[in-house]
Chemist: 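Below is a structure I'd like to ask you about.
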Amino acid sequence: MGRRQPKHLLLAFFGEHVVDGDSGPIRASALISVLEGADVAAPTTRATLDRLVRSGILGRARSGRETLFSLTGHGAAVLREATDRVRGPRPFDPQGSGWTLVTFSIPEGQRTLRHRLRSTLTWEGFAPLRDGLWLAPGEVDLAGSLEPLRQALAPHPVVAFHARELAGFPIGESVRAAWDIEAIRREHLAFINLWGDAAATALAPSALSVRTMLVADWLALLRADPRLPPEFMDAQWPATRSAETYRRMHEKLAEASSAEFADLVAANRRTGPAGRSFAPSPTRSSAGRPR
């Protein structure tokens, strides 16, 4: 698998431990320690935290000499949007039948917004087919997917259709042109080879770091696999094994990593001034799903 991005590790940490809990703000030093276990240097983690604050995913507050980070409302919404697939029982099955097609128009000067939109589409299984036309298997809930981007998008910049294959116009070649199916297979096999080994529990000194790495790798695999219909894959397609591998390793790490996270939260509460509310700092709202 490719090198883990610090942003993806932080999103994995907050999505796994923070978004559905009441942990309160997390100390920068704790986040740095978790990512150091994943071979991310402290300056890189600090720079990534700064970028997540600027993007509106995290809020920042001070407590004495400590800097604390918490999810904003926008950040929590972005992570919850991904939860169904991250934790779902069949994450590689198509969403319904047929195909969803999307085309969009965003001015050249809004490159950041265009990148966010493309990232959102990629997470939902879309791939560019030709001339600005994007294709995804099944019936994608595009309205829900684009909700975090609504404020940034101009009115009606995206046009979408649900379609089915017509007799005499097979879609197989288009599918193989849009997605490198063998590359997707390799991503699955790399995940299985790494996390199917019992020794993976010792990839870092901390179970919390290992679990964060596991979830970051799982997110990367979910981004890589668009959930194509089974007729485009062979009987040895490894998606089911990937899901089993993830659940098995996640269960192995759950007790120890949850205990470590509980210790981290307890330390936060001991060092914070009594009664102080750590409100997120004001940030510009932007959009993006974990990618």
Side-chain angles (χ1 to χ4, degrees), residues 1-23 26-42 44-46 48-49 52 69 71 79-80 82-92 123 183-225 236-268 290-291:
M1 304 193 73
R3 183 174 178 81
R4 299 177 187 94
Q5 297 298 312
K7 175 183 174 181
H8 299 159
L9 288 162
L10 286 168
L11 291 175
F13 176 89
F14 277 92
E16 187 76 353
H17 297 286
V18 177
V19 70
D20 293 326
D22 60 353
S23 62
I26 307 295
R27 290 174 293 133
S29 56
L31 295 168
I32 288 168
S33 177
V34 170
L35 264 67
E36 280 180 336
D39 294 327
V40 178
T44 302
T45 299
R46 291 192 186 95
T48 306
L49 288 166
L52 288 172
F69 293 91
L71 284 169
L79 293 180
R80 288 194 183 105
T83 296
D84 285 347
R85 190 177 181 200
V86 170
R87 301 177 184 174
R90 304 179 71 86
F92 300 109
W123 170 258
I184 298 169
R185 186 196 304 273
R186 290 193 294 271
E187 291 292 327
H188 277 285
L189 294 177
F191 183 89
I192 293 166
N193 288 339
L194 176 59
W195 293 107
D197 185 345
T201 56
L203 283 173
S206 156
L208 191 54
S209 293
V210 178
R211 183 170 169 182
T212 299
M213 295 158 68
L214 169 67
V215 175
D217 286 356
W218 182 239
L219 285 166
L221 184 59
L222 294 178
R223 285 191 296 273
D225 189 314
Q236 286 74 45
W237 188 249
T240 299
R241 284 193 289 143
S242 292
E244 291 169 351
T245 297
Y246 173 72
R247 294 188 190 105
R248 187 164 52 247
M249 183 56 67
H250 192 275
E251 185 175 349
K252 282 184 180 180
L253 295 167
E255 183 176 355
S257 60
S258 295
E260 289 178 10
F261 182 73
D263 290 343
L264 181 156
V265 171
N268 279 359
R291 356 200 103 54

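Remember, it's a predicted structure, so these values are computed and weren't measured experimentally.
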Chemist: So Glu260 and Ser206, do their side chains get closer than 4.5 Å, heavy atoms only?
Modeler: yes

Chemist: Say whether, by atom type as modelled, one donor and one acceptor occur between the side chain of Ser209 and the main chain of Pro205 under 3.5 angstrom.
Modeler: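 Checked: no pair found.
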
Chemist: Between Pro91 and Val86, is any pair of side-chain heavy atoms under 4.5 Å apart?
Modeler: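 No, side chains not in contact.
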
Chemist: In the structure I gave you, are the side-chain heavy atoms of Leu203 and Trp195 within less than 4.5 Å of one another anywhere?
Modeler: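 They are in contact (side-chain heavy atoms under 4.5 Å apart), so the answer is yes.
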
Chemist: Could you check Asp225 against Glu187 for side-chain contact (heavy atoms from CB on, under 4.5 Å), going step by step and ending with a plain yes or no?
Modeler: CA-CA 9 Å; Asp225 189 314; Glu187 291 292 327; over 6 Å; no

Chemist: Ring centroid separation for Phe191 and Trp218, is it under 6.0 angstrom?
Modeler: yes

Chemist: Using modelled atom types only, decide if a donor and an acceptor are shared between the side chain of Arg85 and the backbone of Leu222 within a distance under 3.5 Å.
Modeler: yes

Chemist: Could you tell me which residues satisfy side chain to side chain contact (heavy atoms under 4.5 Å, CB included) with Ser258, sequence neighbours excluded, listed by chain and number?
Modeler: Arg211

Chemist: Under the 3.5 angstrom rule, does the side chain of Ser33 hit a backbone N or O of Ser29 as a donor-acceptor pair?
Modeler: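 Answer holds: no.
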
Chemist: Measuring from atom CG of Leu214 to atom OG1 of Thr201, what distance do you get when rounded to the nearest 0.5 angstrom?
Modeler: 11.0 Å

Chemist: Can you name the nearest heavy-atom pair linking Ala198 to Lys252, along with the distance?
Modeler: CB-NZ, 4.0 Å

Chemist: Heavy atoms, side chains only, cut-off 4.5 Å: are Ile32 and Arg27 in contact?
Modeler: no

Chemist: With side chains defined as the heavy atoms from C-beta onward, is the minimum distance between Ile192 and Tyr246 less than 4.5 Å?
Modeler: no

Chemist: Taking everything shown except Arg90 itself, do over 12 heavy atoms lie less than 6.0 Å from its CZ?
Modeler: no

Chemist: In terms of side-chain geometry, is the basic nitrogen of Asp39 or Arg3 positioned less than 4.0 Å from the acidic oxygen of its partner?
Modeler: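 Not counted as a salt bridge, because no side-chain N and carboxylate O are separated by less than 4.0 Å.
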
Chemist: Atom CG in Leu194, atom CG in Leu189: separation rounded to 0.5 Å?
Modeler: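 Atom-to-atom, Leu194:CG and Leu189:CG are 12.5 Å apart.
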
Chemist: Working note: Met249 + Val210, criterion side-chain contact (heavy atoms from CB on, under 4.5 Å); need CA distance, chi angles, decisive distance, verdict.
Modeler: CA-CA 10 Å; Met249 183 56 67; Val210 178; 5.6 Å; no

Chemist: Run the side-chain contact (heavy atoms from CB on, under 4.5 Å) test on Thr48 and Gln5 for me, step by step, so that the C-alpha distance in whole Å, both residues' side-chain angles and the decisive distance to 0.1 Å come before the verdict.
Modeler: CA-CA 10 Å; Thr48 306; Gln5 297 298 312; over 6 Å; no

Chemist: How many angstroms lie between CH2 in Trp237 and OG in Ser242, if you round to the nearest 0.5 Å?
Modeler: 9.0 Å

Chemist: Got Arg4 and Val40 here, is their nearest side-chain heavy-atom distance under 4.5 Å?
Modeler: no

Chemist: Between Arg46 (side chain) and Ala28 (backbone), is there a donor-acceptor pair under 3.5 Å?
Modeler: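 No, the answer is negative, given that no donor and acceptor are paired below the 3.5 Å cut-off.
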
Chemist: Tell me the closest heavy-atom pair linking Ser257 and Leu253, and the distance in Å.
Modeler: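 So the two residues come closest at OG-O, 2.6 Å.
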
Chemist: Please determine, by modelled atom types, if Glu16 and Thr212 share a side-chain donor-acceptor pair under 3.5 angstrom.
Modeler: no

Chemist: With a 4.5 Å cut-off on side-chain heavy atoms, are Phe69 and Leu52 touching?
Modeler: no

Chemist: Of all heavy-atom pairs between Leu264 and Ala30, which one has the smallest distance, and what is that distance?
Modeler: CD1-CB, 3.5 Å

Chemist: Look up atom NE2 in His188 and atom OG1 in Thr240, then write down how far apart they are to the nearest 0.5 Å.
Modeler: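 Those atoms lie 9.0 Å apart.
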
Chemist: Less than 4.5 Å apart, side chain to side chain, heavy atoms only: is that true for Phe92 and Leu221?
Modeler: yes

Chemist: Identify the heavy atoms of Ala216 and Ala12 that sit nearest to each other, and give their distance.
Modeler: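 Of all heavy-atom pairs spanning Ala216 and Ala12, the closest is N-CB, 3.7 Å.
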
Chemist: CG/Leu9 to CG/Leu31 distance, rounded to the nearest 0.5 angstrom?
Modeler: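 That separation rounds to 11.5 Å.
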
Chemist: Run the numbers on Thr45 and Leu49 for side-chain contact (heavy atoms from CB on, under 4.5 Å), then give the verdict.
Modeler: CA-CA 6 Å; Thr45 299; Leu49 288 166; 4.0 Å; yes

Chemist: Give, for atom CZ of Arg87 and atom CZ of Arg247, the distance between the pair rounded to the nearest 0.5 Å.
Modeler: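 Spacing of CZ (Arg87) from CZ (Arg247) equals 13.0 Å.
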
